[in-house]
2 protein chains.
Amino acid sequence: MGRQQRYDRTETVEKAMNLFWRSGFSGTSMRDLEDCLDMRPGSIYANFGNKEHLYIESMDHYADKTFTAFKSHVENAESFMDGLGIFIRQLLFTKDNPCSCLLAKTLADINPDNAALRNKASLMIAEFEDTIVTEMDKAVTSGEISENCDIRALARIIQVQIIGLRSYAEMQKPKAVIEKLVIDALKIINTKATGKF
Amino acid sequence: MGRQQRYDRTETVEKAMNLFWRSGFSGTSMRDLEDCLDMRPGSIYANFGNKEHLYIESMDHYADKTFTAFKSHVENAESFMDGLGIFIRQLLFTKDNPCSCLLAKTLADINPDNAALRNKASLMIAEFEDTIVTEMDKAVTSGEISENCDIRALARIIQVQIIGLRSYAEMQKPKAVIEKLVIDALKIINTKATGKF
DNA sequence: TCCGTAATTGAGTGATCGTTCAAATAATTT
DNA sequence: AAATTATTTGAACGATCACTCAATTACGGA
């Protein structure tokens, strides 16, 4: 009964996410979203409530994609370190996307008094840290990572490396420069992981 | 001759910089600036041209302050590494300021099609890299840093560490967590600098 | 085929955006 | 004190902002 939906919710959120990712929350107008989603304001509001809610759903979608990519790379690769390397390079060298992390961008560009969005971003970054810990736990069991390694602390170091690399890569330096930084970052992580320090 | 200026330009830019730093370019309205600077729109436009130009001047002021702080900390400390540590901790633990770098934020939140602001930010980050190289050169001469060290590459690593730490610190994690990450980052840099790898 | 219902439309809301400029103000010079 | 010049003011501009809602459209069931 009733008219059937014209828009696939996931596809719509994907499009909105990409636009927000490029232009930021306050840098993206509802007019921009209308064009990007090919939806009229009434439809957008009927489906998502308001701009902030659409942004939140975009963040959820982003986290879902990123976490899934991380897990699949790590679990399908020969080792945790191999998978991490593939994951990081995919983040940095996929031309269509901005380099830097949407969640980090959210912490950067959302006004400090909008606690809702900031807390959400903080929480999701913390959740990613947990995901890293979970995957490293498996690598400890398999013997790749030393049992002496403080994996919670190392997960935080990995976060700093990834966020730093992605932010730095926004400068559009030559690929060789970024690749060298990736290799160094992976070495740093590997040294901590194998306990040779 | 003529009426004397009511506003000190440097003080005004300092205020604008702090507001932009907190709320971003598109997150800061001229209305916000009027309140913050205690100036009427006519005065702002007569003094700075437009919002974008005021932002550019804020970035210049930010870079000036940051570069000067870095140089003075490094040059007044016992060693390059000591000075770097003091500098980084000052960036992370000064409560009044946002943690993350204004230039990195600019790359993150300014729309990709505003090439003027993005290029400016990229250029200034590159200039900071040169400043790091210059200071490390002195440390090579003084014997603190190994002559075998690729200081240009290390300067980039330092940038990634600083940007990553500052962005991560936006999450408002406990100070002990951040301090631990700082210690680790400094260890990483020191290992590279002294050639023990 | 007509009705009930759900989804979509797009003109229109008041508020706020960045910006302008004629008028007012305060200093110096004549 | 009058004229000149530099600076500041704030009402007002058209454009755009996020958002609303009555009308329209497209479907399934009766």
Side-chain angles (χ1 to χ4, degrees), chain A residues 1-59 106 109-111 113-118 120, chain B residues 1-17 19-59 106 109-118 120:
Chain A
M1 53 184 92
R3 186 173 172 170
Q4 69 185 3
Q5 276 186 269
R6 192 185 140 196
Y7 309 105
D8 176 76
R9 194 179 183 89
T10 307
E11 273 177 31
T12 302
V13 172
E14 168 92 14
K15 287 180 196 165
M17 179 200 76
N18 281 317
L19 187 58
F20 279 133
W21 197 358
R22 258 183 274 278
S23 306
F25 180 70
S26 31
T28 303
S29 69
M30 287 306 296
R31 192 63 238 291
D32 296 333
L33 285 163
E34 288 166 35
D35 291 345
C36 172
L37 308 181
D38 190 27
M39 288 171 87
R40 264 34 65 202
S43 274
I44 299 177
Y45 281 87
N47 279 286
F48 299 104
N50 58 28
K51 185 186 169 187
E52 185 167 321
H53 194 118
L54 179 53
Y55 190 83
I56 288 172
E57 210 152 323
S58 297
M59 286 173 67
T106 303
D109 87 358
I110 259 68
N111 203 297
D113 58 359
N114 188 337
L117 288 185
R118 292 184 70 86
K120 174 100 185 169
Chain B
M1 55 183 92
R3 185 172 172 170
Q4 69 184 5
Q5 276 187 264
R6 191 184 142 199
Y7 309 106
D8 177 75
R9 191 178 185 90
T10 307
E11 273 178 31
T12 302
V13 172
E14 169 92 13
K15 286 180 197 165
M17 178 201 75
L19 187 57
F20 278 134
W21 196 358
R22 258 183 273 276
S23 306
F25 180 71
S26 29
T28 304
S29 70
M30 288 304 297
R31 193 62 238 290
D32 295 333
L33 285 163
E34 286 166 36
D35 291 344
C36 173
L37 307 181
D38 189 28
M39 289 171 86
R40 265 32 66 200
S43 275
I44 299 176
Y45 280 86
N47 279 287
F48 299 104
N50 58 27
K51 187 187 170 188
E52 184 166 323
H53 194 194
L54 178 54
Y55 190 82
I56 288 172
E57 210 152 323
S58 297
M59 287 173 67
T106 303
D109 87 358
I110 259 69
N111 203 297
D113 59 0
N114 189 336
L117 287 186
R118 291 185 72 85
K120 174 101 185 166

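All of these numbers come straight from a predicted model, not from anything done at the bench. Proteins come first, then strands; the chains are lettered A, B, ... in the order of their sequence lines, and each starts at number 1.
Residue Gln4(A) places no side-chain N or O under 4.0 Å from the OP1 or OP2 atom of dA26(D). Between dT16(C) and Ser29(B), no contact under 4.0 Å exists linking OP1 or OP2 to a side-chain N or O. Close to dA18(D), at under 4.0 Å from its OP1 or OP2, lies no side-chain N or O of Tyr55(A). For the pair Arg3(B) and dA27(C), the criterion of a side-chain N or O lying under 4.0 Å from OP1 or OP2 is not met. At the phosphate of dT7(D), neither OP1 nor OP2 sits under 4.0 Å from any side-chain N or O atom of Ser43(B).
Judged by distance alone, with hydrogens and angles left aside, Arg6(A) brings no side-chain donor or acceptor close enough to the base of dT8(C) to form a pair under 3.5 Å.
Closest to the Lys51(B) side chain, of the nucleotides dG18(C), dT9(D), dT20(D), is dG18(C).
Taking both residues in full, the closest heavy atoms of Arg118(B) and Ile110(B) are given as NH1-O, 3.0 Å, listed atom of the first, atom of the second, then distance. Contact between Tyr45(B) and Met30(B) at its shortest, heavy atoms only, is CE1-CE, 3.5 Å. Taking every heavy atom of both residues into account, Phe48(A) and His53(A) meet most closely at O-CB, 3.1 Å.
Between the CG atom of Leu33(A) and the C1' atom of dT16(D) there is a distance of 14 Å, rounded to whole Å. Between Tyr7(A) atom OH and dT25(D) atom P there is a gap of 15 Å when expressed in whole angstrom units. To the nearest angstrom, P of dT8(C) lies 14 Å from CD of Glu34(A). Nucleotide dT5(D) holds its C1' atom 14 Å from the CD atom of Gln5(B), rounded to whole Å. Between Tyr45(A) atom OH and dA6(C) atom C1' the separation is 21 Å, expressed in whole Å. One atom, CG of Asn47(A), and another, P of dA18(D), lie 18 Å apart when rounded to the nearest Å. When rounded to the nearest whole Å, the span between CG of Asp32(B) and C1' of dT19(C) equals 16 Å. When rounded to the nearest whole Å, the span between CZ of Phe25(A) and P of dC17(D) equals 13 Å.
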Which is it for Thr12(A) and Asn47(A) under the side chain to side chain contact (heavy atoms under 4.5 Å, CB included) test, yes or no, and what are the steps along the way?
CA-CA 10 Å; Thr12(A) 302; Asn47(A) 279 286; over 6 Å; no
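The main-chain N or O of Asp38(A) is never found under 3.5 Å from a side-chain atom of Lys15(A) such that the two would form a donor-acceptor pair.
In this structure, Ser26(A) reaches neither bases nor backbone, as no heavy-atom distance under 4.0 Å exists between it and the strands shown.
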